[in-house]
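Note sheet for the following structure.
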Amino acid sequence: MTPPENLNTSQNEAVTAPLGPVLVLAGPGSGKTRVLTRRVAHLITAMGVVPRSIVAVTFTNKAAKEMSKRVQELLTPDTKAGDGLPNLGTFHALCARIIRQEADHLPLTRDYVIYDDSDQLSLVREVIKDLRLDPKQTRAGRILNAISKAKNELIELEDYDTDTYAHEVVRQVYDRYQQALLANNALDFDDLLFWVFRLLRDHDDIRSAYRRRFQHLLVDEFQDTNTAQYSLLRLLAGESPDLFVVGDPDQSIYRWRGADYRNVHRFQEDYPQTLTILLEQNYRSTQTILDVATAVIDRNPRRQRKRLFTDRGPGTPVVLHESYNENDEADFAVDIISTLTDSGEADPGDCAVMYRTNAQSRALEEAFLRASLSYRIVGAQRFYGRREIKDLIAYLRLIHNPVDRVSLLRALNTPPRGIGAKTVKLLLENSRQRGVDPAKILFALAREKDPALMDIFTPRTRRALVNFADSWLHWIEMKVDGGLVSLIDLIIEETGYRTYIDDGTEEGEARWENIQELRRVAYEYEDVDLASFLESIALISDQDTLSDEQNAPTLLTLHAAKGLEFPVVIIIGLDDGVLPHQRSFDDPEGIAEERRLFYVGVTRTKDRLYLLRSFRRRFAGPSTLSEPSRFLHSIPPKLLDGDLLGSQNWEQTAYKQKTTWDLSPKIPLEPQYQPGMRVRHKVFGEGIVMSTRIDHDDEEIQVEFEELGTKHLDASMAQLEILDG
DNA sequence: TAGTCTGGGCTTTTT
DNA sequence: GCCCAGACTA
């Protein structure tokens, strides 16, 4: 057993708290993972809790793995033996397991598959076509968002509000989409939570069984739980819960995914006996970085202020730099890294470059390539979303769950084998008419069992279909005794997939290499069943793909950076429209979340922080001039260093007007108005405040006037009279 | 049926 | 500037 690391007073208070509801509000770098792992170990060794009765929910699989490792190190050999291990994983992974176990009580079989967003999108497109809706008017992505939002809020189809036509359309699609998922024996991410919620809500016996089984619950990143997750937690917790949650409302960055940091307050209300503990001492960053972080986040209204402190001393100032365009910006980022590594001040692996949107990684990757430096990039979607990977996974899913139509439609003619759109249409029509699943029709065709089928297709088409079905049946047989890797090899061989994908071009070669990579991943699951393999690759997160092996700089989005730390952090794209993103402009809550995102980025830094922006930037289409991020205004200049904004001559005239950016801190403005207030304007009459936001040095309000409709006004100009609020 | 071409639409973040 | 879907041609 490794000697226990020392805990400070608050950390110790949290770790040794008596059983019951505990809320730990943990500032960045305050040792929250350490507290969680030590709490788990404390439950087992000091309180005699059976490891199996502990459930700890983390945000990523990587965090779960890390925790499991650390917990095991803390346990004595005799505790490790016999009593099993605590259940560690993400909400989604935990639910996936419960669903497999309780499939008998759900409209699915235990062989169900999990659809990712591109699968969901194909299904929604199919539904839109079925319903004869105009795909141009009803965007599949939009509808999917609405459905996802409903599911995250636990809104059943019957309860879906159809107050507008748009909602009516969503409801119709939701209905068909849900039916289609079940017919395919498939679930989407949100369903994992929703079905388990329903399962526990509706079956008293199952609920009490799980309550007995999972008596000690711990939740990491609690500020990012959504309604479904919180409700699930309450169902599992029962009357006298041992519920230990750790979070930081200032780091809540998943509102768009239904997360609601107000769950933190809700928790205190729902469990009045909650013991709340604040962790404020930071063990990660220099004081300068903490000061920058605090200056940034303190501008957000309605939050509990925390005092972040460290005994690490001030450290170096934060460097601010402006480039001409995003390519120069990327080169500059690479320059910073090579300067630091050349001088021995940092290892390449110590450095991270963070950005708001994935699209920004492109310029960076090119810059690294130009400098012939290696890098690692975080992004599972990148890998598992690739065409060749999705193709092979479609085959594996079909073998596992033959009624998966989305995968069938993908695999049927990939690589092309003479089964075109017309044949597919015929097959699906037939399947619908007879009420028989397409897979069954294909199998029957292959076995020549059903003479009625013989006349549907022309001989040539029939041969193609029979060939496909034959191979498919063969693979299903092979799945039983062959390993996963040989199954993949067999699919590649029988479909001629390599010749299809590796066409001798550089791109083809890269695609083939990706398949080799998938094969390597599969090798690790060689001893497990196909089900677990498919499940874990479906639930993989971006962060999970980050390996520690390579000593190279990390490129990642600000979202993906959550929970990580680096000695050197470079945040690029500090421009209004990028960070904060322009889509958040007219929503004060959205701007507040962007600010938290920036805060998360800043607080990842241990020693050196660089903030980069560029004068010109390309969004969609032509490159345009951009303004420095409004968030830079909140940073006191004395904390900043480097080539300050406006000191360079980009384009004489265009630039001249911009040479005097004022970075001095403005007096923090508190909004005077709030949504819902009745106000009177001298000219426009009476109206209701819809939204309000602080924009630089003024408050911008959106008012819905009785006579004139919506107007955007500046508070200082409008002179509104407040009637009531 | 398969491969090429063109036009439109879009771009936040991800379990 | 990029990707996808549908149209068009061999």
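What you see is a predicted model, and the numbers here were worked out from it, not measured in a lab. Within every chain, numbering begins at 1; the chains are lettered A, B, ... in the order of the sequence lines, protein sequences first and strands thereafter.
Partners of Arg201(A) according to the salt bridge (Lys or Arg N to Asp or Glu O under 4.0 Å) rule, which considers only residues two or more places apart in sequence or in another chain, are Glu156(A).
Between the CG atom of Leu564(A) and the P atom of dT13(B) there is a distance of 18 Å, rounded to whole Å. Look at OH on Tyr355(A): it is 12 Å from C1' on dT13(B), rounded to the nearest Å. To the nearest angstrom, C1' of dT15(B) lies 8 Å from CD of Gln229(A). The nearest whole Å value for the distance from the CZ atom in Arg460(A) to the C1' atom in dT1(B) is 7 Å. Rounded to whole Å, atom P of dT1(B) lies 11 Å from atom CG of Leu412(A). One interatomic measurement links the two molecules: CG of Leu121(A) to P of dC10(B), which rounds to 13 Å at whole-angstrom precision. Separating the CZ atom of Arg257(A) from the P atom of dT14(B) is a distance of 9 Å, rounded to the nearest angstrom. Atom-to-atom, NZ of Lys151(A) to C1' of dT14(B) comes out at 16 Å; the value is rounded to the nearest Å.
With respect to the salt-bridge test (charged N to carboxylate O, under 4.0 angstrom), the residues Glu593(A) and Arg596(A) qualify. In summary, Asp502(A) and Arg511(A) do not engage in a salt bridge, as defined by a charged side-chain N under 4.0 Å from a carboxylate O.
For dA2(B), one of the phosphate oxygens OP1 or OP2 lies less than 4.0 angstrom from a side-chain nitrogen or oxygen of Asn413(A). Residue Thr557(A) places at least one side-chain N or O closer than 4.0 Å to OP1 or OP2 of dT14(B). An OP1 or OP2 oxygen of dA5(C) is reached within less than 4.0 angstrom by a side-chain nitrogen or oxygen of Arg125(A). The side chain of Arg139(A) contributes an N or O atom lying less than 4.0 Å from OP1 or OP2 of dC10(B). Under 4.0 angstrom from either OP1 or OP2 of dT15(B) there lies no side-chain N or O belonging to Asn226(A). Phosphate contact (OP1/OP2 of dT15(B), side-chain N/O of Asn61(A), threshold under 4.0 Å): absent.
Using a 5.5 Å limit on the distance between ring centres and a 30° limit on the angle between planes, the aromatic ring of Phe59(A) does not count as stacked on the six-membered base ring of dT15(B).
With dT14(B), dG3(B), dT1(B) as the choices, the nucleotide that has an atom nearest any side-chain atom of Thr423(A) turns out to be dT1(B). Nearest to the side-chain atoms of Thr357(A) among the listed nucleotides dT14(B), dT13(B), dA2(B) stands dT13(B). Checking dT13(B), dT1(B), dT11(B) against the side-chain heavy atoms of Lys422(A) singles out dT1(B) as nearest. Of the candidates dT13(B), dT11(B), dT15(B), dT11(B) carries the atom nearest the Arg583(A) side chain, counting heavy atoms from C-beta on. Taking every side-chain heavy atom of Arg362(A) into account, dC2(C) is the closest of dT13(B), dT15(B), dC2(C).
Note on Ser584(A): nothing from the nucleic acid sits closer than 4.0 angstrom, heavy atoms only. Using a 4.0 Å heavy-atom cutoff across all strands shown, Arg417(A) reaches sugar-phosphate atoms only and no base atom.
When the nearest nucleotides of DNA chain B are assigned to Ile419(A) and His581(A) by heavy-atom distance, the more 5′-ward of the two goes with Ile419(A). Judged by closest nucleotide on DNA chain B, Pro416(A) is the one of Pro416(A) and His92(A) placed further toward the 5' end.
Side-chain atoms of Tyr210(A) and Gln101(A) include a donor-acceptor pair closer than 3.5 Å. Between the side chains of Glu365(A) and Tyr375(A), a donor-acceptor pair is found at a separation under 3.5 Å.
The aromatic rings of Phe533(A) and Tyr525(A) lie perpendicular to each other, with more than 60° between the two planes, well past the 30° mark.
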